Structures are given as C-alpha cells and as structure tokens.
Colleague: 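Would you mind keeping the following structure in view while I ask a few things?
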Amino acid sequence: VLTEEEGALLLKGRTGEKEAADKKKETAVTTKFKDGITFESGNGDNKMSINGRIQLDYRDFDWSEGKSTGANANDADTFDIRRAYLGAKGTFLKYYDFEVTADFASQSGATSTSAVCTNAACTTTVNAVTGVNTSHLDVAYMNVKWWKQAQFQFGQFKMPFSLEERTSSRFLDFQERSFVNNSSLVPGKERGFMVHGTPFTGVNYALAFSNGQGKNVNEVDIREDSKDVIVHANTNIAEIMGNKDMVIHLGASYANGDLPAAAVGSQRTEGRGAQFFSAAAFTATPGSPAGSNVSMERTRTGLEGAFAYGPVKFQTEWAKANFEGRSATANTSFDRDVKAYYAEALWLITGENYADAYKGGKFDRIKPKADFEPGNGNWGAWEAGIRFSKFDASDFKTTANGNLVGTGVLATGAANEADSWVVGLKWLPNANTRFLINYIDTDFDTAVTVNGVTESGEKALT
C-alpha cells in the first residue's frame, strides 16, 4: 500500500522518463530517401539533403561541315555533359532555409598560348595552350520564412521572372528552354535580395533587387552600380476555386535598371546550335560631372500563362527587353527592342496529372503512376509535346540598313529574326530519371554565315 506522497513521487518519475524520451526523439536524426538523401531531426525543424543532377546530351546538326573554312563548335555533332550539379539544401531551426550548389560542368578562367621550355636550359621552346577548368557556383542563398506571406531571401538565386526560367532544368518540357529564355530578355540566377510570399491561396508575389549582371558577377563599374528592380506576380485560378485536377496559371513580370553600356547579347538556336544573332556593343556618352551617365537603361516585361487539365497542358510566354541610351560614338540616342514568345502543347500519354506537379507558381516533378520495372509491364511515364517559338530583334540592323555605330549594329552574317519548331518525346522510368529526344527545325529570316558556310535554317536531333 502506497501513501499519497509515495504515489505522487512514482508518477512524477514516470512523467520525467516520458519527457526525456520525447526530447530525445525530437533531437534524434533519421535518414531517408525522398528525391535525394535527407537527414532530418525528429521534430522536423532541422533537415538537410544531398542532391544533384547529371545531364548528358548528344546533338546532331545538318550544318555543312565539309564547306566550313574554320572551327564551328556550336554546330559540331557532339556528346556533351550539359550539367553536373552537386549541392546541399535544407532547413535549420524551422524558419531558415539554405542551398549551396556547384556546377562541375562549367568552365572558367583564361585560355592562352604561351612559350613553354622543352629542356632544362630553356634553349628550346614550343607553343602550348594553358587554361583553367574550375567548378562554378550555381546558387548559394538563405531564405528566412518567419511568415508565409513575406519571406526574405539573400544570396545568388533565380530571379522571379518567367515561368520557364523559374522551372528547374530537371523538369523542363523539352531539352532546352525557348527563345524567350535569352539572357537579355529574362534575368536568370543573379546576386541580390528578394521579398516573396503567398499572401492568399493561389496567389504568389516577389520583389527582388539584383546586380543585374548575370550569374557569379558583382558590379564592375563604380560609375554605374545601381540595382535592377524585378517584380513578379502569378495566380492559379483553379487553386482558388479548389479544383485539384486543373491549373489555370496567369503571371506577369517587370524589371528595370541601368547597366554599363555593353553588348545586348546573342542568341543560339533551341538545339544549342548556330549562334544566329549578335550585335555590336552600345556605347554611352559620359555626362557632367565627368564619369556620370555612362549607362543605358534596360526595361524588361513578360507575360505567362498555362492551362492544364488531367494529362494535357498548354503553356505560353511573351517577353520584351528595351535598351535605351545615347551613343558616345554616334552622338545620338538609341532605343532598341528584343522580343520573343513561344506556345506549346503537351500530353502525358500514360495519364499522369499535371496539376499534381504544380507547386508554388511553377511546374515541378512529374511522378509516374508506376515506376518502370523490366518484365512486370510497368513502363513509367511517357509524354509527347510540340512547341513553336519566335525570336524578333528586328530593331538591330547593319550600318548599311540604318543603325549607327554604337547603337547596336547587327553583326555581319547574322540574322535578327528566327522561327523554331520543336517536337519531343520523353520517357520517365521513375521520378528521378528522364530520357528525351527532340527534333528542332529553325528558319532564319535572312541567311546566316558561319566560317564560310551560309544556311537559311538549321535542323537538329538531340
């Protein structure tokens, strides 16, 4: 027989043991596989995953190699390690997300030819090519998510512009993005700061400030180091309606900023073949006081839409970039536009639902109804698609056709417009593996000349 005091002490001991066990469970680390190897604490407040991707391409072009007067790497039939990413991402103390990823397929550093000694006395030399091949930082950021409605992101990350750009390369509809994804039209990964969130069900927004110079680039000119301002918003009307089998996505983006006068960039075909468009650099007029006004203003706008119901999806985007300034060389103002759009249709032949892959204002991973297993009749997921793209930089002309030096002169042998059709077939044996075959047919508005070979278009199988 226990007294009341003895019973209370015994119950207190049992309660303490349970509390200690619960606390140990909260801090215990478990390992699991969920689209990557993940380490997670028992309470879910802390986790980290090791992840990456490898993309191996083969590209075959109809370019007339035998007639070329020099090397043309873009149109060479080749195997290519397109991407080789390895990184880590996770959450600590519940509210702080992070990601660091490196791209081991990228190259950096100078390549030069120099004299190298062939004997100890260095009396004989030969020419040798020297260079550097290093991994590039892809993304590195921290995201603070105290509130779902307003999160804060710092570092190098994808800027909030374009549905296609915001979609990971792991989940693209085709092997390569469309003409809309030109770096002049759409900001990609840059260094900066962003406020973003989901204030209401089915509504997302983002406001970012970036260097505006591209990936792994800091500001390089003290005379013009203002920041790009980027605004984006999208909504999924089907989510607002509570329809989980449908996506009705609408979005818009805007970016504006000054940058040092430079080239507008170039454009390759969607099969990563011929570089058909390039233009000479703009030059800007220094103002008074000396050193000011050496920039041009770049304004970018974009519209996007997607409709998906069950295994069928339609998606389209349009983007425009305007470059405005005054040329120091020609002593005249310039105002040039680059525009592009695409429209595509896709069908999941095996019946998966596109709405299941839509998260946070973009399309994510498609998971097959059943993974491929040799011999049991399961073949994973299959998808077919077609896309039309249009690139229009008709404001850029040669000097003979009216553009003055320093105002964006079209390069000799280049075209300023192109149309492209892509037909693709995709096989997903499982959610982490994809095999794709794409046929790309590109027509240039005027013939393009590369190393003595002139072509009016390009056909590629990738």
Side-chain angles (χ1 to χ4, degrees), residues 32-38 49 51-60 82-83 85 163-178 202 236-239 241-249 270-271 304-317 342-389 420-441 460-462:
K32 61 183 178 181
F33 181 84
K34 184 181 180 182
D35 302 326
I37 301 171
T38 301
S49 63
N51 54 80
R53 77 199 73 160
I54 299 173
Q55 180 181 333
L56 170 66
D57 284 2
Y58 179 73
R59 300 189 288 270
D60 189 280
R82 179 76 173 88
R83 294 177 175 91
Y85 291 175
L163 175 58
E164 194 177 44
E165 173 60 31
R166 297 194 316 278
T167 301
S168 169
S169 60
R170 296 169 292 168
F171 314 131
L172 290 176
D173 295 323
F174 299 90
Q175 261 182 255
E176 299 294 338
R177 294 178 171 92
S178 69
N236 178 13
I237 298 173
E239 187 176 355
M241 295 165 52
N243 190 325
K244 296 183 178 180
D245 295 323
M246 184 183 293
V247 175
I248 306 174
H249 173 100
E270 292 178 349
E304 62 193 48
F307 173 80
Y309 184 69
V312 177
K313 182 177 80 164
F314 301 95
Q315 184 170 308
T316 184
E317 286 191 74
Y342 73 85
E344 64 183 31
L346 295 114
W347 172 39
L348 280 163
I349 302 168
T350 43
E352 288 76 8
N353 192 336
Y354 281 107
D356 294 338
Y358 181 88
K359 299 176 183 178
K362 57 184 173 51
F363 288 94
D364 206 87
R365 188 186 308 273
I366 293 174
K367 296 184 177 181
K369 288 183 175 181
D371 288 352
F372 171 64
E373 287 286 348
N376 70 354
N378 293 333
W379 282 90
W382 287 81
E383 180 189 56
I386 185 170
R387 179 177 72 197
F388 174 78
S389 299
S420 177
W421 285 94
V422 182
V423 178
L425 182 65
K426 184 187 306 171
W427 176 39
L428 292 85
N430 53 64
N432 295 76
T433 310
R434 312 199 313 166
F435 294 90
L436 301 90
I437 184 168
N438 285 184
Y439 175 75
I440 306 103
D441 190 344
L461 186 67
T462 61

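Counting begins at 1 with the first residue of the sequence. Remember, predicted model here, so these are calculated numbers, not experimental data.
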Colleague: Kindly indicate whether the side chain of T462, heavy atoms from C-beta on, has any atom under 4.5 Å from the side chain of I440.
Modeller: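 Yes, at least one pair of side-chain atoms sits under 4.5 Å.
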Colleague: Holding to side chain to side chain contact (heavy atoms under 4.5 Å, CB included), I want the full list of residues that pass it with K32, two or more places apart in sequence or in another chain.
Modeller: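 Side chain to side chain contact (heavy atoms under 4.5 Å, CB included) check on K32 returns T38, E40.
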Colleague: Please round to the nearest 0.5 Å and tell me the distance separating atom CZ of R177 and atom OG of S389.
Modeller: 13.0 Å
Colleague: List in chain and number order the residues that pass side chain to side chain contact (heavy atoms under 4.5 Å, CB included) with F171, two or more places apart in sequence or in another chain; answer none if no residue qualifies.
Modeller: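 Only T167, S168, D364, R365 meet the side chain to side chain contact (heavy atoms under 4.5 Å, CB included) criterion with F171.
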Colleague: Output a table of donor-acceptor pairs, distance under 3.5 Å, between side-chain atoms of residues 372-382 and any protein atom two or more places apart or on a different chain; print 'none' if there are none.
Modeller:
unit_1, atom_1, unit_2, atom_2, d
N376, OD1, N378, N, 2.9
W382, NE1, W379, O, 3.2

Colleague: E344: what forms a salt bridge (charged side-chain N to carboxylate O under 4.0 Å, His left out) with it, not counting sequence neighbours?
Modeller: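 So E344 forms no salt bridge (charged side-chain N to carboxylate O under 4.0 Å, His left out) with any residue.
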Colleague: Measuring from atom CD1 of I54 to atom CZ of R82, what distance do you get when rounded to the nearest 0.5 angstrom?
Modeller: 15.0 Å
Colleague: Got a list of side-chain donor-acceptor pairs under 3.5 Å for residues 429-438, not counting sequence neighbours?
Modeller:
unit_1, atom_1, unit_2, atom_2, d
N430, OD1, N432, N, 2.9
N430, OD1, T433, N, 3.0
N430, OD1, T433, OG1, 3.0
R434, NE, R170, O, 3.1
R434, NH1, R170, O, 3.3
R434, NH1, L172, O, 2.9
R434, NH2, L172, O, 3.3
N438, OD1, Q175, N, 2.9

Colleague: Atom NZ of K367 and atom CG of L428: how far apart are they, to the nearest 0.5 Å?
Modeller: 12.5 Å
Colleague: Holding to ring-ring contact (aromatic ring centres under 6.0 Å, His included), I want the full list of residues that pass it with F388, two or more places apart in sequence or in another chain.
Modeller: W421
Colleague: Would the number of heavy atoms belonging to other residues, nucleotides or ligands and lying under 6.0 Å from CH2 of W427 be above 12?
Modeller: yes
Colleague: Can you list everything that forms a side chain to side chain donor-acceptor pair (under 3.5 Å) with T316? Sequence neighbours excluded, please.
Modeller: none
Colleague: Please identify each residue that fulfils ring-ring contact (aromatic ring centres under 6.0 Å, His included) with Y342, with sequence neighbours left out.
Modeller: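 Here no residue qualifies.
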Colleague: Quick check for you: to the nearest 0.5 Å, what is the distance between L348 atom CG and N353 atom CG?
Modeller: 8.5 Å
Colleague: Is the shortest side-chain N to carboxylate O distance from R59 to E176 below 4.0 Å?
Modeller: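 Between E176 and R59 there is no salt bridge, as every charged N stays at least 4.0 Å from the carboxylate O atoms.
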Colleague: About how many Å separate CD of E239 and CE of M246, when rounded to the nearest 0.5 Å?
Modeller: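 The CE atom of M246 sits 13.5 Å away from the CD atom of E239.
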Colleague: Side chains of Q55 and R83: any donor to acceptor distance under 3.5 Å?
Modeller: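 Yes.
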Colleague: To the nearest 0.5 Å, how far apart are OH in Y85 and CG in N51?
Modeller: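 Between atom OH of Y85 and atom CG of N51 there are 12.0 Å.
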Colleague: Provide the closest heavy-atom pair for R166 versus G361 in the form atom of the first, atom of the second, distance.
Modeller: NH2-O, 2.9 Å
Colleague: Run the side chain to side chain contact (heavy atoms under 4.5 Å, CB included) test against V423 and tell me which residues pass, sequence neighbours left out.
Modeller: I386
Colleague: Excluding sequence neighbours, so at least two apart, what forms side chain to side chain contact (heavy atoms under 4.5 Å, CB included) with A308?
Modeller: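 Here the qualifying residues are V247, K313, Y354.
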Colleague: Any salt bridge (charged side-chain N to carboxylate O under 4.0 Å, His left out) pairs touching residues 378-388, not counting sequence neighbours?
Modeller: E164-R387, E270-R387, E383-K426
Colleague: Tell me every residue that passes ring-ring contact (aromatic ring centres under 6.0 Å, His included) with F174, counting only those two or more places apart in sequence or in another chain.
Modeller: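 Partners of F174 under the ring-ring contact (aromatic ring centres under 6.0 Å, His included) test: none.
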Colleague: Are there more than 12 heavy atoms of other residues, nucleotides or ligands under 6.0 Å from atom CD1 of I37?
Modeller: no
Colleague: Are the side chains of T350 and K369 in contact, using a 4.5 Å heavy-atom criterion?
Modeller: no
